[in-house]
Amino acid sequence: MNSARHDHRGHHHADMISVEDAYSRILGAFQILESEERGLLKSQGQVMAQDIFSPFDIPMLSNSAMDGYAIRYRDVQSASSSCPVILKVTETVAAGYMPKGTVVKGTAIRIMTGAPVPEGCDTIIPFEETDEEERKTYGKGLNEIGIKKAQTINMHIRPRGEDIPKYSKVLVKGTTLTPSYIGILASLGFKSVKVIRRPRVAIIATGDELISPGRQLKEGKIFDSNSYTIGAAVERYGGIPKIIGIAKDNMEHLRKKLLRGLDSDLIVTCAGVSKGDYDMVKDVLAEMGEVNFWSIRMRPAKPLAWGILKGGRRGGSTPHIGLPGNPVSALVAFEEFVRPAILKMLGRKKLSKPTILAELEAPIYNYDGRRVYARVNVTLVQGKYYAKPTGPQGSNILTSMARANGLAICPEDRSFLDKGQEVVVKMLEWNEEGKLD
Ligand code: AMP
Ligand code: MG
């Protein structure tokens, strides 16, 4: 086999386009979607479509950071545990209530965490630094309190506007909503927010051999797993999957299923794009719009279809990505082309998974000049990453994908990467910001 020019089936490399080329042609067809108003709890992972300015200070009132006594610093400056300063307690103020009085010379107001700081007070003395415990134990009552430690002025007071000053820009358009941002919006009183809407992604499996899980399996048939892997992946990255089901390997049936996907922002089909049976798919797609069939210089996931189908919500056209049928190929192609398209529609800026450098624990072979994506498990040992292939790399072996947390990349121009060499790994189980989801 002439490995530099042909793959094992003898296909010419001239027929194959690069991963980058396919990526830019596909991604070029997608734009950020319109905005929608979403309830706060439903907005997680969506991108802000507006700036948010704070209508008030947070906290709105200076309040206590401790359970303790609101006092005047100059009254207790000399306090020590051997010689406590005794103050008259005028009231207790709890969180959610306003103090009735003010702190004047020689007095204290008992105050709970979060309660507004009364006028006249410049320092909070926590319970632990008073004789409150002893007074309670000896039944002395709390009409007076002994301060045992002077603290420093302003101690344990959360000043008004400390977290968010009034009129400041708290959320910038383009920010992805995380639980803490959702909490900030809630504390500003918002109950819904304007975000970029989630793309609807129709998913169609194709093949006479497929049966839906839950149905009776027949001889020679297999359960459709791709609808589920791709459906779950769409959901995970912020799309709304619409599982259309299985199209049989005949034109009428495929046409019918594709028509049902035309109300989506993207149609993803699985299988029927490899040499064996793509003619039928090609004919159906060609009559419905523009279509390209590509061999991409990658392993797995060489065969891919890409086109724009006529009809649909996007000004009369719906993009279509035809993933290969083998389960691992389908997922790898999803990672490379479908996920970035979803993220772009969602308004995300970082479209690719983070990469790391790791030391290979077993060689990766590349015998036909494609870009090889090897399923690996990456571990961090004493500050260094190691990548171990997860077993047989056949594109039908979904368990090896499930066990992997990354894809190690052997470039097109390398015939192998040896054990001990450094390899670039795309971290699948990290989100685009390099964290676990
Ligand atoms: P094809 O691209 O149609 O030649 O399919 C390639 C391989 O993927 C075949 O072994 C198919 O049986 C398998 N395959 C296709 N679609 C699915 C699916 N939805 N679930 C599981 N395996 C599939
Ligand atoms: Mg098939």
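Please read these numbers as outputs of a predicted model, since none were measured by experiment. For ligands, and for the atoms within them, numbers begin at 1 and follow the listed sequence.
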Open item on the list: Between Q421 and E359, do the side chains contain a donor N or O and an acceptor N or O under 3.5 Å apart?
Closed with: no
Open item on the list: With heavy-atom distances below 4.0 Å as the criterion, list the atoms of ligand 1 near E209.
Closed with: 11 (C), 12 (O), 15 (C)
- [ ] Going by heavy-atom distance to atom 21 (C) of ligand 1, choose the closest among S225, A205, P324.
- [x] S225
Open item on the list: What I want to find out is whether E34 reaches K194 closely enough, with some N-O distance under 4.0 Å, to be called a salt bridge.
Closed with: no
Task: Which segment of N396 sits under 4.0 Å of ligand 1 when only heavy atoms are counted - done: neither
Task: Residue pair K257 / I204: nearest heavy atoms and the distance that separates them - done: O-CD1, 3.5 Å
Open item on the list: I'd like to know if S274 contacts ligand 1, where contact means a heavy-atom distance under 4.0 Å to any ligand atom.
Closed with: yes
TODO: Any atoms of ligand 1 less than 4.0 Å from a non-hydrogen atom of D224? List them with their elements.
DONE: 18 (C), 19 (N), 20 (N)
- [ ] Could you tell me whether some N/O pair between G272 and ligand 1 is separated by less than 3.5 angstrom?
- [x] yes
TODO: Please work out whether any backbone atom (N, CA, C, O) or any side-chain heavy atom from C-beta onward of L210 is under 4.0 Å from ligand 1, and answer side chain, backbone, both or neither.
DONE: side chain
TODO: Dump the intermediate steps for salt bridge (charged side-chain N to carboxylate O under 4.0 Å, His left out) on K148 and E129, then the final yes or no.
DONE: CA-CA 5 Å; K148 297 201 223 165; E129 287 157 16; over 6 Å; no
Open item on the list: Is it the case that ligand 1 has an N or O less than 3.5 angstrom from some N or O of N326?
Closed with: yes
- [ ] Please name the pair of heavy atoms, one in M48 and one in I52, separated by the smallest distance, quoted to 0.1 Å.
- [x] CE-CG1, 3.5 Å
TODO: Please confirm whether V273 comes within less than 3.5 Å of ligand 1 when only nitrogen or oxygen atoms on both sides are compared.
DONE: no
Task: Ring centroid separation F56 to Y167 under 6.0 Å - done: no
TODO: Any chance you could lay out the side-chain hydrogen bond (donor to acceptor under 3.5 Å, both in side chains) test for N366 and S415, step after step, and finish with the verdict?
DONE: CA-CA 5 Å; N366 184 6; S415 57; over 6 Å; no
